[in-house]
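The analysis underlying the following values was restricted to heavy atoms, covering all of them including side chains, and did not include hydrogens, waters or symmetry mates. All figures in this text were calculated on a predicted structure; none of them were measured in a lab.
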Amino acid sequence: MNRVWKKFFRKLAEPVVIMAYVSFAIVLIMWTAANVSEGMALVVFCIMVPIPVFAYLIRDMWRDAKREVEWEN
């Protein structure tokens, strides 16, 4: 497998993983609301949604800062 295919699959993996995570989070929240309680579903929602969003934002800011430092050098 050449470098183009490797880069392509790496770039393709990120959106696929995000879609799988979102699907899993929705199913888990719905299952928790139906089988446990709505209050616990809210707790699961508060854990499954904002925490990964903040992690993704921090990762994106880290990449931008790293790229700017590389451009300065």
Side-chain angles (χ1 to χ4, degrees):
M1 187 180 306
N2 62 17
R3 288 176 47 206
V4 174
W5 282 106
K6 287 180 185 177
K7 286 190 180 266
F8 171 74
F9 285 127
R10 273 191 228 128
K11 290 182 183 276
L12 181 65
E14 185 175 344
V16 169
V17 168
I18 290 171
M19 287 187 312
Y21 178 81
V22 168
S23 300
F24 173 74
I26 290 170
V27 168
L28 182 63
I29 291 167
M30 289 173 52
W31 180 86
T32 305
N35 295 325
V36 181
S37 71
E38 290 183 8
M40 188 58 77
L42 183 62
V43 170
V44 171
F45 174 80
C46 289
I47 292 171
M48 296 291 289
V49 175
I51 293 175
V53 168
F54 288 128
Y56 187 80
L57 288 173
I58 289 171
R59 179 177 153 249
D60 193 40
M61 286 186 286
W62 174 262
R63 283 184 172 177
D64 286 345
K66 184 178 173 185
R67 189 177 311 120
E68 286 179 20
V69 169
E70 287 174 354
W71 287 347
E72 289 174 0
N73 292 335

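Closest heavy-atom contact between Met48 and Tyr21: O-OH, 2.7 Å. The nearest pair of heavy atoms linking Pro52 to Ile47 is CD-O, 3.7 Å. The minimum heavy-atom distance linking Ala41 with Ile29 is given by the pair CB-O, 3.8 Å.
For the atom pair Phe45 CZ and Ile26 CD1, the distance stands at 9.5 Å (nearest 0.5 Å). The CD1 atom of Ile58 sits 8.5 Å away from the CZ atom of Phe54 when rounded to the nearest 0.5 Å.
Heavy atoms of other residues, nucleotides or ligands lying less than 6.0 angstrom from CD of Glu38 number 12 at most. Atom CZ of Phe9 has more than 12 heavy atoms from other residues, nucleotides or ligands within 6.0 Å. Within 6.0 Å of CZ on Arg3 lie no more than 12 heavy atoms contributed by other residues, nucleotides or ligands.
Note: the hydrophobic cluster containing Val53 does not contain Val17 (ILVMFWY, side chain heavy atoms under 4.5 Å, direct or indirect links). Hydrophobic clustering (side-chain heavy atoms under 4.5 Å, transitive across Ile, Leu, Val, Met, Phe, Trp, Tyr) groups Val44 together with Val49.
Look at Arg67 and Asp64 and you find a salt bridge, because one of the NZ, NE, NH1 or NH2 atoms lies within 4.0 Å of a carboxylate O, short of that distance.
A 4.5 Å side-chain heavy-atom check between Val43 and Met40 finds at least one atom pair inside the cut-off.
Asp60 contributes no side-chain N or O that, together with a main-chain N or O of Arg63, makes up a donor-acceptor pair within less than 3.5 Å.
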